[in-house]
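Structure, as structure tokens:
Remember, it's 1-based here, ligands and their atoms both numbered in the order they're listed. It should be emphasised that the depicted structure is a prediction, and the values quoted were computed from it without experimental measurement.
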Amino acid sequence: MLTPQENERLTRVGRGTPMGETLRRYWLPAALSSELPDRDGAPIRVRILGEDLVAFRDSDGKVGLVDAFCPHRRAPMFFGRNEECGLRCVYHGWKFDRDGACVDMPSEPPDSLFKSKVTINAYPTYEAGGMLWTYMGPPEFQPAPPDGELLRAPATHRHVSKTYEDCNYLQAVEGGFDSAHVLILHNQKIGDRSFLSNYDATVPRIEVEPTDYGYLYTGIRSRGDLQHVRVYHYVMPVMQIRGQNHAFDPEILTINGHYWVPMDDEHTVIYNFMYSDNPAVPLTQKFIDESEHEIGRGPEDLDPERPFRLKARLSNDFFIDRDLQKRTFTGIPGINTQDIALQVGMGPIVDRSREHLGTTDRAVIVLRRLLLEAVDTVEAGGSPRGTDPATFRALRGGNHTVEPGADWHEALQAELLVRF
Ligand code: FES
Ligand SMILES: [Fe+2]
């Protein structure tokens with residue numbers, strides 16, 4: 001449970017708010033690289049941390065991320081011409097390069113110096129892992145660019161997608177670390193429902209170890225005579241890395257995770273990623289398609305009218321099927337949709353002063369504590385935890401079965417060594 005003040009502090013992301021200023025100290029994904037396939041191609045709209053921006057890939061292949069509105073008379077830059085290393089506003093022709101400098105102003109006399117005095121707000125960008133990243137904070141605090149195994153893996157070995165979610169980012173992030181829900185919400189076969197009384201099978205023992213980047217999270221469940229250990233990482237402020245075995249193709253194991261990036265206080269973009277655990281094994285398109293389909297994020301689940309949005313949404317009750325609910329736990333098809341249904345159904349910003357957290361909510365509690373600590377650090381003029389990429393460049397998740405009583409750190413040591 002939080003005080004209403006703490007909840008405000010954690011959830012508001014606009015410029016000038018405590019969390020808004022804190023999130024601006026990190027590199028964040030702003031778009032998929034695949035949204036900007038061509039040099040001098042069509043610009044795209046980007047909404048991030050409550051700011052409206054436009055991204056364009058210039059003639060050099062580098063991406064500019066600038067204010068969505070022209071500094072002349074605030075015309076929409078989205079309609080601009082992307083040409084000869086700059087984006088030209090089509091209202092009066094002012095042109096800006098990817099750094100925001102005004103490089104042409106045809107509406108002013110040729111000898112005018114006005115051009116040199118005008119800029120469009122532009123943020124630094126960086127491309128890696130199939131994503132376009134940006135840093136929106138003070139230049140003097142700009143960290144080294146992001147790093148990690150996903151960002152180093154070749155394009156043949158990784159897959160990144162994105163989905164919009166209509167609620168505050170923190171509901172989505174917390175959902176990722178609320179592992180007690182996994183065997184309940186995502187249960188696909190209720191059977192005799194006895195699993196609900198089988199404490200060991202449903203309730204994981206959780207270990208949360210704070211680190212320089214966020215925390216290392218372990219969920220340990222008894223399974224027969226063995227213990228099943230899942231190792232996750234929370235990389236501040238909005239990322240999860242987890243290890244996952246896949247059943248579709250026994251040859252391919254993947255590391256998976258998400259970035260949950262606030263568009264504004266009440267909307268989030270989820271960047272979903274997976275990459276092959278093994279440099280000798282690229283991902284196949286079949287594997288990618290089956291994985292996305294299985295969790296409810298396949299092409300047939302997406303709304304053709306609204307890019308990156310699911311057909312299932314609150315206004316159609318996420319297609320809940322009360323008959324199916326007699327056999328699966330939720331009656332909502334698709335694991336991903338189940339998570340989103342519950343998080344969005346809480347309302348745009350959940351009132352955390354009305355919660356009653358139990359023992360398995362520990363990971364959520366520590367996550368909030370770390371975020372509040374980061375806000376305090378930024379307010380005191382310091383650099384928050386998790387801004388230095390050296391602290392998270394060598395992380396991977398794990399998913400393993402170990403003998404009871406065995407030290408999982410030792411048992412999983414080899415599996416947790418990065419291979420890219
Ligand atoms: S509004 Fe953009 S050039 Fe005039
Ligand atoms: Fe879930």
Side-chain angles (χ1 to χ4, degrees), residues 43 52-54 56 64 66-83 86-97 100-109 112 114-122 163 165 167 169-188 202-204 206 217 219 221 230 232 234 240-244 256-260 268 270 272-274 291-292 294-297 301 310 312 318 328-346 360-361 363-364 367 397 399:
D52 284 309
L53 307 171
V54 162
F56 63 101
V66 299
D67 191 344
F69 302 101
C70 176
H72 177 213
R73 289 197 45 239
R74 308 290 293 160
M77 293 302 291
F78 174 74
F79 296 131
R81 299 174 62 91
N82 184 11
E83 57 191 17
L87 188 62
R88 190 186 290 279
C89 175
V90 288
Y91 210 177
H92 313 93
W94 292 17
K95 179 179 169 184
F96 303 92
D97 70 12
C102 184
V103 292
D104 194 20
M105 198 179 264
S107 63
E108 290 292 305
S112 163
F114 191 34
K115 189 173 81 171
S116 60
K117 299 199 178 72
V118 178
T119 56
I120 192 166
N121 186 34
T163 323
E165 179 168 358
C167 66
Y169 81 101
L170 193 55
Q171 274 149 253
V173 178
E174 290 176 351
F177 292 95
D178 169 7
S179 85
H181 81 270
V182 172
L183 288 187
I184 311 275
L185 175 69
H186 302 313
N187 193 293
Q188 298 295 331
T202 52
V203 181
I206 288 170
Y217 168 100
R221 285 190 168 89
R230 286 169 72 92
Y232 291 34
Y234 168 49
Q240 175 187 66
I241 307 175
R242 57 176 201 269
Q244 193 167 66
N256 297 46
H258 308 276
Y259 296 86
W260 293 277
T268 301
I270 317 169
N272 315 290
F273 68 80
M274 63 176 164
S291 305
E292 294 287 40
E294 167 78 12
I295 42 189
R297 242 175 10 224
D301 300 304
L310 298 176
F318 293 90
T328 73
F329 206 73
T330 56
I332 295 171
I335 292 172
N336 184 65
T337 318
Q338 291 159 9
D339 284 318
I340 291 181
L342 275 284
Q343 292 157 15
V344 171
M346 290 174 174
T360 56
D361 295 310
V364 169
L367 190 147
N399 200 0

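Exactly one of Ile120, Asn82, Leu87 qualifies for a side chain to side chain contact (heavy atoms under 4.5 Å, CB included) with Val54. That residue is Leu87. Among Asn336, Thr337, Asn272, Asp301, the one residue that satisfies the side chain to side chain donor-acceptor pair (under 3.5 Å) test with Thr163 is Asn272.
In this view, Glu292 and Arg297 satisfy the salt bridge (Lys or Arg N to Asp or Glu O under 4.0 Å) rule, not counting sequence neighbours. In terms of the salt bridge (Lys or Arg N to Asp or Glu O under 4.0 Å) criterion, residue partners of Asp67 (sequence neighbours excluded) are, by chain and number, Arg74.
Only protein N, O or S atoms were considered, and those under 2.8 Å from atom 2 (Fe) of ligand 1 are Cys70 SG, Cys89 SG. Less than 2.8 Å away from the Fe ion (ligand 2), the protein contributes these N/O/S atoms: His181 NE2, His186 NE2, Asp339 OD1, Asp339 OD2.
Lys115 places no side-chain N or O within donor-acceptor distance of the main-chain N or O of Glu108, the cut-off being under 3.5 Å. Side chain of Gln338 to main chain of Ile332: a donor-acceptor pair is present (N/O by atom type, distance under 3.5 Å, no hydrogens or angles). Proximity of a side-chain donor or acceptor of Arg88 to a complementary backbone N or O of Gly93 within less than 3.5 Å is detected.
Below 30°, between 30° and 60°, or above 60°: for His92 and His72 the angle between ring planes is above 60°, a perpendicular geometry. Ring-plane geometry between Tyr234 and Phe177 is classed as perpendicular, the angle between the planes exceeding 60 degrees on a 0 to 90 degree scale with a lower cut at 30.
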